[in-house]
Amino acid sequence: DPQPASRPSRPSSKSETQRRAAAAAAAAAAAAAATAAAAAATTRSERGMAATTEMTHDEVQRLLAENRADEQTQEARLRAARGKRMLFVGGDFMYKSFAPSLQRLMKRARDMGVVIYAVFQSGTEEPTKYFLDVKNGECFDYELFADVGAEDGAENIVAALAAVGWTGELDAVYSMHEATQPIVAKVQALLGLPGNDVAAYEKARDKFETRRCLEQNGLNTIKAMQIWRVEDADEAADRIGFPMIIKPTVGMGSAGVYRCNNTQELNAALERLFDDIKTDWFLNRNTIGRQAPILAETFVLPTIFGGRINEHDCEVLLWDGEAVYSNIIDNFTTRPPYFQEVASLMPTLMTDEDAQAMKDYAVACVKAMGFTRGGFHVECWHTNEGPLLIEVNPRVGGGATVQSHESVWGVNPMFEMLLSMLDIPINPPRASAPLCNYGYCLPNADLTGHLEPKISYLDAAKDLPMHKSSTYFKKGGDFVKGNDKYIADWLGEVHLSHSVDKVDELLTAMDKLLLDVSTTAASQTAAPDMPQEE
């Protein structure tokens, strides 16, 4: 049964009469708890907004209808959230932890007056770290458990809600994770709550269906073929040609991406990628529908900007089927053979004309899939034939995406996505020109092995005048996968910020930082006699 911010105990054996009585009592308690939570949320909301200008209900509704990109309308949006009851679909069936930045987002929603019901994965012997992160971060008011990660996870969630009489209590369903988006859409549909069509998520998260969708809508795209087994290599060579890119059909980041220049390399890469999918939890637990494990695509030679930028992330916010915000983060060139992400920069180095063309194209791709609201992380290349889609992620980007947009444009796309799922019109106020240059570094491990007990490879970053923050992803003694043998582990992250007129200084500092960290980390790594896994 759901409990207020505590883990429920396992039910004991009861007669049918006892079970019915217990269910009725639980439903009554849940209803009373929901009423109490709403009252508490109103108190939190009033306390958090006491210093702002008062608005009448009619004023709030008028501003929401006009949906302008100004501070007064943004305040009306926050007031409209007061008292909303939102189901948060947890991702502990797949994700190991819940980041502090996500905890702050959920806490902010509660402070606005949103009552949050959270559903987590059932059947775990002990509370997961993810669950404890969410609970200890005070991210929800009430919890329940269901088999969220099952094929019928959405139906399981609705059944768990119905068992305690909560199906009619909710106004919205939300989650920020990649793997939970189709589940959210299905729960929204089952409960008749606002959201996107489930089919849109299926098109976006299946890279082969994405290519077909773009082709059907007359949008620039590339050749693609599904690969079910290593023996499909010859057909892929005939249909796609070389050079070729192969990658997991459903994946996140650049994990599992290989470039192949001939049949021999293709066969070797396929064997390795099928093994990657078996052993990498990020790749083997992030699926949707019936699809081949691997996708083969035409290799694209994109435009390189500033000698180091060759890929772009366009964040798109939609409301009522139209774009209300979009801006671009540039990605540094990745290293073969695995193409793990290394760094990003905002604002883009592209010309205003090229940037606008890419934003228009990204919006068209999202709309072609049938999305009408929310936040989308659209990865693109710039080519001589115009912008070209890599993939549409039906959620806001991770890493430094939020920090970059907030620092450069004053917009938090993650927060705006949450508002849209609360059925509140979005159109965030933003800076008219970039406020700074924002750099983000994800140094890759070069060498496979065990780190020394004492590590210091990120320490020098703190001496940079543009340094904002840095975090180690590894600790002394950890086993790390290097680019020499595996898809490289990220050693840590470094956030940098510099004035708008000094992008060259920032880029030079980022290049040096990436090299220094990888080199220092390699010197602090003892290569094993035999390859090891953790």
Side-chain angles (χ1 to χ4, degrees), residues 94-101 128-130 133 178 247-248 251-259 268-269 271-286 331-344 398-400 439-464 467 469-496 509-534:
M94 178 171 181
Y95 301 94
K96 298 178 181 178
S97 60
F98 196 71
S101 61
T128 63
K129 182 181 185 303
Y130 178 105
D133 287 345
E178 172 91 9
K247 57 187 177 182
M252 292 172 278
S254 300
V257 179
Y258 294 82
R259 173 180 170 171
E271 290 179 359
R272 187 160 202 166
L273 184 49
F274 275 110
D275 185 59
D276 289 343
I277 292 171
K278 290 178 184 177
T279 59
D280 190 320
W281 69 273
F282 226 48
L283 302 178
N284 62 32
R285 300 193 65 190
N286 186 30
N331 291 319
F332 278 39
T333 303
T334 55
R335 294 185 300 165
Y338 308 115
F339 304 101
Q340 181 71 293
E341 295 176 13
V342 293
S344 66
Y440 179 60
C441 294
L442 280 168
N444 291 187
D446 280 341
L447 183 65
T448 299
H450 284 90
L451 292 169
E452 295 175 352
K454 184 175 178 58
I455 53 176
S456 59
Y457 52 78
L458 280 189
D459 290 0
K462 298 177 183 178
D463 297 331
L464 292 170
H467 176 268
S469 67
S470 50
T471 305
Y472 280 87
F473 290 170
K474 301 294 181 179
K475 62 184 184 296
D478 281 355
F479 178 80
V480 294
K481 297 179 181 179
N483 199 58
D484 57 336
K485 296 180 180 179
Y486 301 98
I487 301 169
D489 283 342
W490 290 315
L491 295 166
E493 65 177 5
V494 181
H495 294 256
L496 305 169
M510 292 173 70
D511 287 340
K512 186 176 186 304
L513 177 66
L514 289 167
L515 178 61
D516 289 350
V517 171
S518 294
T519 301
T520 303
S523 72
Q524 297 173 355
T525 303
D529 295 331
M530 297 291 290
Q532 299 181 44
E533 296 274 356
E534 281 199 337

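Below, each value reflects all heavy atoms present in this structure, side chains not excepted, and no hydrogens, waters or symmetry copies.
The side-chain heavy atoms of L442 and V342, taken from C-beta on, include no pair separated by under 4.5 Å. The shortest distance between side-chain heavy atoms of L513 and H467 does not fall below 4.5 Å.
Closest heavy-atom contact between S344 and F332: N-CD1, 4.3 Å. The two residues Y130 and S97 come nearest to each other via the heavy atoms CD1-O, 3.3 Å. The two residues V494 and S470 come nearest to each other via the heavy atoms CG2-CB, 4.0 Å. For the residue pair Y440 and H495, the shortest heavy atom distance occurs at CE1-NE2, 3.4 Å. Nearest heavy-atom pair across Q340 and A488 is NE2-O, 2.8 Å. Across all non-hydrogen atoms, the minimal contact from K129 to K96 is CB-O, 3.6 Å.
We find the CG-CE distance between L496 and M510 to be 6.5 Å, quoted to the nearest 0.5 Å. Distance check: N483 CG to T334 OG1 gives 9.5 Å after rounding to the nearest 0.5 Å. Note that the CG atom of L515 and the CG atom of D446 stand 8.5 Å from one another [nearest 0.5 Å]. Separating the CG atom in L273 from the OH atom in Y258 is a distance of 6.0 Å, to the nearest 0.5 Å. Separation of atoms OG1 (T525) and CD (E452) is listed at 7.5 Å; rounding is to 0.5 Å.
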**Item:** Residue pair T128, Y95: steps toward the side-chain contact (heavy atoms from CB on, under 4.5 Å) verdict
**Value:** CA-CA 10 Å; T128 63; Y95 301 94; over 6 Å; no
**Item:** From CA spacing to verdict: side-chain contact (heavy atoms from CB on, under 4.5 Å), L451, V480
**Value:** CA-CA 7 Å; L451 292 169; V480 294; 3.9 Å; yes
**Request:** Tell me, with the steps shown, if F339 and K247 meet side-chain contact (heavy atoms from CB on, under 4.5 Å).
**Result:** CA-CA 11 Å; F339 304 101; K247 57 187 177 182; over 6 Å; no
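Q524 places a side-chain N or O within 3.5 Å of a backbone atom of S456 that can act as its donor or acceptor partner. In this structure, the side chain of D489 engages the main chain of K481 through a donor-acceptor pair within 3.5 Å. Of the possible polar contacts, one joining the S523 side chain to the T520 backbone as a donor-acceptor pair under 3.5 Å is found. When atom types are taken as modelled, the side chain of N444 and the backbone of E341 share a donor-acceptor pair closer than 3.5 angstrom. Side-chain N or O atoms of T471 include none that pairs as donor or acceptor with a backbone N or O of E493 at under 3.5 Å. Using modelled atom types, one side-chain atom of T448 and one backbone atom of G482 make a donor-acceptor pair closer than 3.5 Å.
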